[in-house]
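Remember, it's 1-based here, ligands and their atoms both numbered in the order they're listed. Sequential numbering from 1 along the given sequence is applied to the chain's residues.
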Amino acid sequence: MVGRIGSPSYSIGKLFVYERNSYRLSHKFVEDRDAELVKYENARQDAIDSLSIAYQRTNERAGAENAEIFRAQVMILKDEEYNARIIQNILTEGKNAEWAVSESSRHFYDKFASIDDDNIRAKAMDIKDVANKLIRLLTGTDGALNIKEPVILASAYLSPSELVQIPRDMLKGIVLLEGSIYSHVVILAKTVGIPIVLGVYMPESLNGHEAILDGVGGQVFTDPDEELKEKYRFLIDEEDRAKIQLKKFIGVKTVTSYGRKVMLLANIAGLSDAENAVECDSEGIGLTRTEFMFMDRNTLPTEEEHFEAYRDIVDICKGRSIVFRTLDLGADKGADLLHLKEEENPALGKRAIRICLTDKQVFIPQLKGILRAAAYGDVAVMYPMITSVEEVEKIGGLMKEAKRELDRDGISYGTVRQGIMIETPAAALISDELAGMVDFFSIGTNDLTQFTLAIDRQNRELAQFYNPLHESVMRLIKMTIENAHKAGIPVTICGELASNPEATKRLIDMGVDALSVLPKDLLKMRKVICEL
Ligand code: PEP
Ligand code: MG
C-alpha cells in the first residue's frame with residue numbers, strides 16, 4: 001500500500017490495528033441481578049489492573065507526578081461511596097451494569113464539577129474517565145491501545161496523548177491515515193526515532209498480520225514473502241551501518257569547509273530526548289516542547305512539577321544551554337489538560353501564548369519553574385505564537401510578577417535569557433521592532449509555513465502544497481535574520497526545515513546562527529554542514 005513518508009526508516013513486525021470503538025449505552029432492567037453484579041465486579045477489577053499498569057509505565061517514563069492521574073482513578077474505582085451507589089443501582093433497582101455505572105458516575109460528576117475548586121473539578125474529570133473506562137469494558141469496546149508486545153501500530157488517527165501512553169519499546173513503527181510530517185504526533189514519534197508511513201488505511205482485518213513498513217519509500221507491505229523480507233532486512237542492516245558511520249561525527253565541530261560555524265542544537269520533548277541529544281553530541285537544546293511533558297494527564301502542572309521536570313533536564317545536559325518553550329497548548333495539543341472548548345478554527349484559536357496571557361494560573365507557575373531551574377544551569381525561556389509588541393510587553397510584566405513572588409517567598413532562581421518564536425508572518429514582519437525587546441529569535445518554520453501559505457500543516461490532502469521552501473517563507477526568514485542581526489541578537493531555526501538538507505546552504509548563507517533538529521538528525525545534519 002502506497003502512502004507518504006512520515007519518518008524515513010524501516011521496520012518489520014506484527015500489525016496492531018487500533019480502531020477507536022464507539023459504544024452505545026443500553027439502559028435495560030435485568031432479571032439476574034447477582035450475575036450483573038459479577039459482571040460489574042469483573043469490569044472494575046480489569047479497570048484497576050489496566051490503570052495500575054498505566055501508572056507503572058508513566059511513572060517509569062515520565063515520573064510519579066505525571067503518573068498521579070492513574071493512581072487517582074484507581075482510588076475512585078476502590079472508593080466505597082462510588083461503588084455503593086453502583087451496586088445499589090444493580091441490586092435494588094435491577095439496572096444493567098453500564099446503566100448503573102453511567103447513572104452513578106453522572107451523580108458524582110455533577111456533585112464535584114459544580115464546585116469552584118480546580119482540584120475538585122479535576123476529580124470530576126477523573127470520574128468521567130473512570131466511567132468511560134468501565135463502560136468500554138462492559139460493552140467490550142475497551143483495550144484497543146493495550147499493547148503488550150512490539151508492534152507496528154496502524155490507526156486512522158493518533159493523538160499525542162495516546163502516543164505518549166505507549167511504551168517506546170512496544171512501537172516498531174506507525175502507520176497513520178491522517179496527519180502530516182508537520183503534525184505534532186508525527187514530530188513526537190520522530191523525536192524518538194520511530195519509522196512512520198502516512199496516508200495509508202489499514203483495515204481491522206489485518207490485525208496481527210506481518211508487515212514491512214518502508215518509511216523511506218512511504219509504503220507498507222502486508223504478509224510479505226521471504227524474498228521481500230530479506231531485501232528489507234538488508235536495508236535495516238544498512239541503516240544500522242550508516243548510523244554507526246555517523247558516529248564519527250561525534251566530537252567534530254559543526255563548521256562548513258569554508259569555515260562558517262553553525263551551532264547545532266536539539267529539539268526535545270522530555271527527559272529521554274535530552275539523554276539522546278547528549279548522546280548524539282548536541283551543543284545544546286534549542287527547543288524544549290514543554291507541553292509534551294504534561295500531555296498524558298488532565299490537570300495543569302504545579303510550579304513544583306515544572307521546576308523538577310526542568311531541573312532534571314538541566315542536570316542531564318551538563319552545562320549545555322537549554323531553551324524551554326512555554327506551554328504551546330491548544331490546536332492539536334493538550335485539549336484534555338485545559339478542558340478547552342471546541343473551536344471552529346483551532347489552529348487560529350485560543351492557543352500557546354494566548355492561553356498564557358489570558359490565564360495567569362497557567363503561565364506564572366511555569367515561569368517560576370523555569371526561573372528556579374535556571375539556578376542550576378544555562379537556561380533560556382522562549383514564547384510561542386507571538387504576533388505583537390504588546391504581547392511581549394505583557395510577558396515582561398508577568399515575568400516580573402513571577403520573580404517578585406519568588407523573592408517574596410525567599411526561593412532562589414537564576415537569570416534566564418528570553419526569546420520568542422517567529423512563527424507567524426506578523427512576527428516576522430515586525431521583527432525589527434521585536435528584536436530590540438528580546439535576547440534571541442527562534443524561527444518556527446512549521447507554523448510560519450502554515451500561516452504564510454494559509455495551509456493547514458496537518459492536512460494530508462494538502463501535503464503537496466505545503467512547502468517550507470516557498471519563496472515567501474524564505475523572504476520572511478531572511479528579513480527576520482537581518483533584523484535580528486541589526487539588533488545584535490542571534491537566530492535559530494527550530495522548525496523541521498532545519499533538518500532538511502535541501503535548505504541548509506540557503507539558511508546558512510542567510511546568516512542563521514543555529515539549527516535545532518530532532519536528536520536523531522543531529523549527526524546527519526553535522527555531516528551535511530561539514531560537507532558544504
Ligand atoms: C514550528 O512551528 O516550527 C515549531 C518549531 O513549533 P511546533 O512544531 O511545536 O509548533
Ligand atoms: Mg509552532
Side-chain angles (χ1 to χ4, degrees), residues 6-7 159-161 163-164 179-192 196 265-270 273 277 285-295 322-335 337 346-356 380-387 391 419-428 431 440-459 466-470 472-474 476-477 480-481 491-500 503 507 512 514-519 521 525:
S7 176
S159 73
S161 57
L163 177 66
V164 296
S180 82
I181 50 169
Y182 301 98
S183 51
H184 289 107
V185 70
V186 175
I187 291 176
L188 192 54
K190 271 165 80 175
T191 312
V192 287
I196 307 167
L265 310 171
N267 291 349
I268 63 165
D273 301 341
I285 306 296
L287 165 65
T288 308
R289 290 182 161 102
T290 61
E291 59 280 0
F292 285 135
M293 299 167 74
F294 307 106
M295 203 143 261
I322 302 150
V323 178
F324 290 109
R325 179 175 70 185
T326 55
L327 295 168
D328 188 13
L329 293 165
D332 60 328
K333 292 188 283 191
L337 199 61
L348 306 179
K350 191 168 174 193
R351 54 177 297 195
I353 204 66
R354 298 168 192 171
I355 293 173
C356 293
V381 58
M382 174 160 84
Y383 307 106
M385 284 291 289
I386 295 295
T387 58
E391 284 163 355
I420 53 172
M421 299 271 304
I422 303 289
E423 55 182 343
T424 63
S431 53
F440 64 93
F441 283 161
S442 190
I443 305 180
T445 49
N446 306 336
D447 278 317
L448 187 62
T449 307
Q450 155 163 270
F451 296 124
T452 306
L453 303 185
I455 296 175
D456 179 355
R457 64 193 260 187
Q458 306 235 67
N459 190 331
Y466 181 96
N467 176 18
L469 287 153
H470 192 287
S472 57
V473 181
M474 287 294 144
L476 289 174
I477 294 175
T480 302
I481 296 174
V491 182
T492 300
I493 308 266
C494 66
E496 296 304 289
L497 190 66
S499 54
N500 180 348
L507 295 175
V512 71
L515 295 176
S516 194
V517 304
L518 297 178
D521 290 329
M525 287 313 295

A.B. asks: Need the ligand 1 atom indices (1-based, order shown) with element for anything under 4.0 Å from a heavy-atom of Met421.
C.D. replies: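 Per the distance check, 4 (C), 5 (C), 6 (O).
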A.B. asks: Could you check whether Arg289 pairs with Asp273 (Lys NZ or Arg NE/NH1/NH2 to Asp/Glu carboxylate O, under 4.0 Å)?
C.D. replies: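 Salt bridge absent between Arg289 and Asp273.
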A.B. asks: Below 4.0 angstrom from a heavy atom of Arg289, which ligand 1 atoms are there? Numbered from 1 as shown, please.
C.D. replies: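 Contacts of ligand 1 toward Arg289, numbered from 1: 4 (C), 5 (C), 6 (O), 7 (P), 8 (O), 9 (O).
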A.B. asks: Could you establish whether Gln450 and ligand 1 come within less than 4.0 Å of each other, counting only heavy atoms on the residue side?
C.D. replies: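 No.
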A.B. asks: Hey, which atoms in ligand 1 end up nearer than 4.0 Å to a heavy atom of Arg457?
C.D. replies: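 Those of ligand 1 that fall under 4.0 Å from Arg457 are 2 (O), 7 (P), 8 (O), 10 (O).
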A.B. asks: Check whether any side-chain N or O of Asn446 sits under 3.5 Å from a backbone N or O of Glu496 as a donor-acceptor pair, and report yes or no.
C.D. replies: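 A pair under 3.5 Å: yes.
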A.B. asks: Would you mind finding which of Thr449, Thr492, Asn446 brings a heavy atom closest to atom 1 (C) of ligand 1?
C.D. replies: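 Selected option, by shortest heavy-atom distance: Asn446.
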A.B. asks: Looking only at heavy atoms, which two atoms of Phe441 and Ser431 are closest? And how far apart?
C.D. replies: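 The pair with the smallest heavy-atom distance is CZ-O, 3.6 Å.
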A.B. asks: Does the N or O separation between Glu291 and ligand 1 drop below 3.5 Å for any pair?
C.D. replies: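 Min N/O separation from ligand 1 is not below 3.5 Å for Glu291.
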A.B. asks: Taking all non-hydrogen atoms of both residues, which atom of Glu291 and which atom of Thr326 are closest, and how far apart?
C.D. replies: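 In terms of heavy atoms, the two residues are closest at OE1-O, 4.2 Å.
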A.B. asks: Does ligand 1 have a heavy atom under 4.0 Å from the side chain of Arg351, from its backbone, from both, or from neither?
C.D. replies: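 No part of Arg351 is near ligand 1 at this cut-off.
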A.B. asks: Please state which protein non-hydrogen atom is closest to atom 6 (O) of ligand 1 and give its distance, to 0.1 Å?
C.D. replies: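 Of the protein heavy atoms, Arg325 NH1, 3.0 Å lies nearest.
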A.B. asks: Shortest non-hydrogen contact from Glu423 to Met385?
C.D. replies: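 Where Glu423 meets Met385 most closely, the heavy atoms are OE2-N, 2.7 Å.
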A.B. asks: I need the Met421 CE to Phe440 CZ distance, nearest 0.5 Å.
C.D. replies: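 Separation between the atoms: 10.0 Å.
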A.B. asks: What does the angle at the Mg ion (ligand 2) come to, between atom OE1 of Glu423 and atom OD2 of Asp447, rounded to 10°?
C.D. replies: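 My answer is 100°, to the nearest 10°.
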A.B. asks: Under 4.0 Å from any heavy atom of Cys494, which atoms of ligand 1 are there?
C.D. replies: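 In order of number, 5 (C).
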A.B. asks: Kindly say whether Ala266 contributes a backbone atom to a donor-acceptor pair with the side chain of Ser516 at under 3.5 angstrom?
C.D. replies: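 Yes; judged by distance alone, with no hydrogens or angles, the pair exists.
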A.B. asks: Is Glu496 close to ligand 1, meaning an N/O of one under 3.5 Å from an N/O of the other?
C.D. replies: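 The answer is no, given that Glu496 and ligand 1 share no N or O pair closer than 3.5 Å.
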A.B. asks: Output yes when a side-chain donor or acceptor of Gln450 lies under 3.5 Å from a complementary backbone atom of Arg457, and no otherwise.
C.D. replies: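 Side chain of Gln450 to backbone of Arg457: a pair is present.
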